[in-house]
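This is a predicted model, so every value here is computed, not measured.
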Amino acid sequence: MLEADKEFAGSIPESYDRHMVPMIFEPYAVDLARRAASFSPSSVLETAAGTGVVVRAMTNKLAPDTRYVATDLNQAMLDYARSQQPSDSRVQWRQADALDLPFEDASFDVVCCQFGAMFFPSRSAAYREAKRVLKPGGRFLFSVWDRIEENVFADEITTALAEMFPDDPPRFLARTPHGYYDKDLIRSDLADAGFSHVEIDTLAEESSAPSPHIVAVAYCQGTPLRSEIEARDPGKLDAATDHATSALAKRHGTGEVSAKIQAHVIVAMA
């Protein structure tokens, strides 16, 4: 992972939440919230909360007296998430690094993280921190994307941009969001952090959008892929988005589009 892969700033949070969240994140947020609520936690910590899609799903399912702490390393994402969440006395927002959590040992029943582990510089360190702040028997619940070939829109956009920039193709999507899919590696990293009981479910969902252009805007302008495109040519962001749109339209048509997405959902017991 490159340092720029972690940059969610400027207009990216708003575009990310408007386009990416309903297109690929909401189905898995609902699933994660259902799983977390099934453990009847009195305290939940979320790391890498992003623009708050899990917070919004989770607060509808948790008990009225549950304490929920939503954290993210990126203050811009956290600020946007807070602005989108109705006032809720159960929810505390806090900027925090998942590799160095500012919480006491054995503080939470559940630690959850939706599609954030791929961005951690040291996953074993982040997992050790999750285990440290979990109460004995608590659960670490998180999700990661499967390989890019199982996530159709991301794969097709990566291929389209490689056509436009053949000498230096933008590889953010394959490298980072879809770069941590090996289940044996995930189990090994969790074992290194001291987790002994691990379950991994692979879940396929359908990604939908009103048009191929919305899909292209979501990926090319609502993720750090934008920075990769602009680093190659600052004036070609719109052209790259249009090229990705055309590639998607050739495969899926010009109206409403849908395609497969796939992720691993992991539950590890402390």
Side-chain angles (χ1 to χ4, degrees), residues 24-50 53-63 66-72 98-99 101 103 105-151 154 176-207 260-270:
I24 64 173
F25 293 119
E26 279 183 351
Y28 291 103
V30 171
D31 176 78
L32 204 71
R34 176 188 60 78
R35 291 171 187 259
S38 73
F39 303 133
S40 301
S42 61
S43 54
V44 176
L45 170 66
E46 183 181 357
T47 59
V53 62
V54 173
V55 181
R56 297 192 287 271
M58 196 87 77
T59 52
N60 292 327
K61 296 185 179 297
L62 297 178
T66 301
R67 178 173 66 107
Y68 193 110
V69 183
T71 69
D72 199 280
L99 277 67
L101 293 169
F103 306 108
D105 296 358
S107 298
F108 297 94
D109 298 305
V110 170
V111 175
C112 63
C113 180
Q114 175 166 269
F115 301 119
M118 308 89 70
F119 295 88
F120 294 155
S122 170
R123 296 178 189 107
S124 292
Y127 298 166
R128 283 193 295 271
E129 277 293 89
K131 187 173 186 301
R132 180 184 66 78
V133 302
L134 278 169
K135 298 174 185 178
R139 272 85 167 190
F140 181 30
L141 174 59
F142 69 102
S143 55
V144 298
W145 292 114
D146 201 351
R147 66 180 72 237
I148 196 168
E149 292 82 3
E150 301 290 348
N151 291 268
T176 300
H178 298 282
Y180 186 55
Y181 56 81
D182 187 309
K183 290 189 281 189
D184 289 337
L185 176 59
I186 294 167
R187 290 182 185 277
S188 176
D189 287 345
L190 287 166
D192 287 347
F195 289 98
S196 56
H197 183 73
V198 177
E199 297 179 357
I200 302 178
D201 292 336
T202 301
L203 299 181
E205 293 281 358
E206 196 78 2
S207 175
K260 177 187 175 184
I261 50 176
Q262 188 160 291
H264 302 312
V265 181
I266 303 98
V267 181
M269 184 178 291

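Annotation for Ser143 and Met118: closest pair O-SD, 4.4 Å, computed over non-hydrogen atoms. Scanning both residues, Arg139 and Leu134, for their nearest heavy atoms gives O-CD2, 3.5 Å. Between Lys135 and Ser42, the closest heavy-atom pair is NZ-OG, 3.8 Å. Contact record, Ser107 with Ser43: O-OG, 3.4 Å, taken as the closest heavy-atom pair. Looking at every heavy atom in both residues, Gly194 comes nearest to Lys131 through O-CE, 3.0 Å.
Asn151 and Tyr181 are not linked by any side-chain donor-acceptor pair at a separation below 3.5 angstrom, with hydrogens and angles left out of the test.
Put simply, CD on Glu26 and CD on Glu205 are 11.5 Å apart, with the number rounded to the nearest 0.5 Å. The distance from the CZ atom of Phe103 to the CZ atom of Arg132 is 9.5 Å, given to the nearest 0.5 Å. Here the straight-line distance linking atom CD1 of Ile186 with atom CD1 of Ile200 works out to 5.0 Å at 0.5 Å rounding. The CD atom of Glu199 lies 11.0 Å from the CG atom of Leu141; values are rounded to the nearest 0.5 Å. The structure places CZ of Phe120 at 7.0 Å from CG of Leu99, a figure rounded to the nearest 0.5 Å. To the nearest 0.5 Å, the span separating CD on Gln262 from CD1 on Ile148 amounts to 13.5 Å.
The backbone N or O of Gly50 sits less than 3.5 Å from a side-chain atom of Asp72, completing a donor-acceptor pair. Looking at Ser207, its side chain never comes within 3.5 Å of a backbone N or O of Lys260 through a donor-acceptor pair. The backbone N or O of Asp184 lies less than 3.5 Å from no partner atom in the side chain of Ser188, so there is not a single donor-acceptor pair.
Partner of Phe142 under the ring pair (Phe, Tyr, Trp, His ring centres under 6.0 Å) criterion, chosen from Tyr127, Phe195, Tyr28: Tyr127. Considering Val69, Leu45, Val111 in turn, Leu45 is the only one that fulfils the side chain to side chain contact (heavy atoms under 4.5 Å, CB included) rule with Leu101.
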Inset, instruction - Show your reasoning for whether side-chain contact (heavy atoms from CB on, under 4.5 Å) applies to Ile261 and Asp146. - result: CA-CA 8 Å; Ile261 50 176; Asp146 201 351; over 6 Å; no
Inset, instruction - Go through Arg67 and Phe108 one step at a time and tell me if the side-chain contact (heavy atoms from CB on, under 4.5 Å) criterion holds. - result: CA-CA 9 Å; Arg67 178 173 66 107; Phe108 297 94; 3.6 Å; yes
Name each donor-acceptor pair under 3.5 Å that joins a side chain in residues 29-39 to protein atoms two or more places apart or in another chain, with its distance.
unit_1	atom_1	unit_2	atom_2	d
Asp31	OD1	Arg34	NH2	2.9
Asp31	OD1	Arg35	NE	3.3
Asp31	OD2	Arg35	NE	2.7
Arg35	NH1	Asp201	OD2	3.1
Arg35	NH2	Asp201	OD2	3.2
Ser38	OG	Arg35	O	2.5

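Remark: Lys183 pairs with no residue by the salt bridge (charged side-chain N to carboxylate O under 4.0 Å, His left out) rule, at least two apart or across chains. Under the salt bridge (charged side-chain N to carboxylate O under 4.0 Å, His left out) criterion, Lys61 pairs with no residue, sequence neighbours left out.
Side chains of Arg147 and His178 form no contact here, defined as non-hydrogen atoms less than 4.5 Å apart. Phe115 is not listed as a side-chain neighbour of Ile24, based on a closest heavy-atom distance of 4.5 Å or more.
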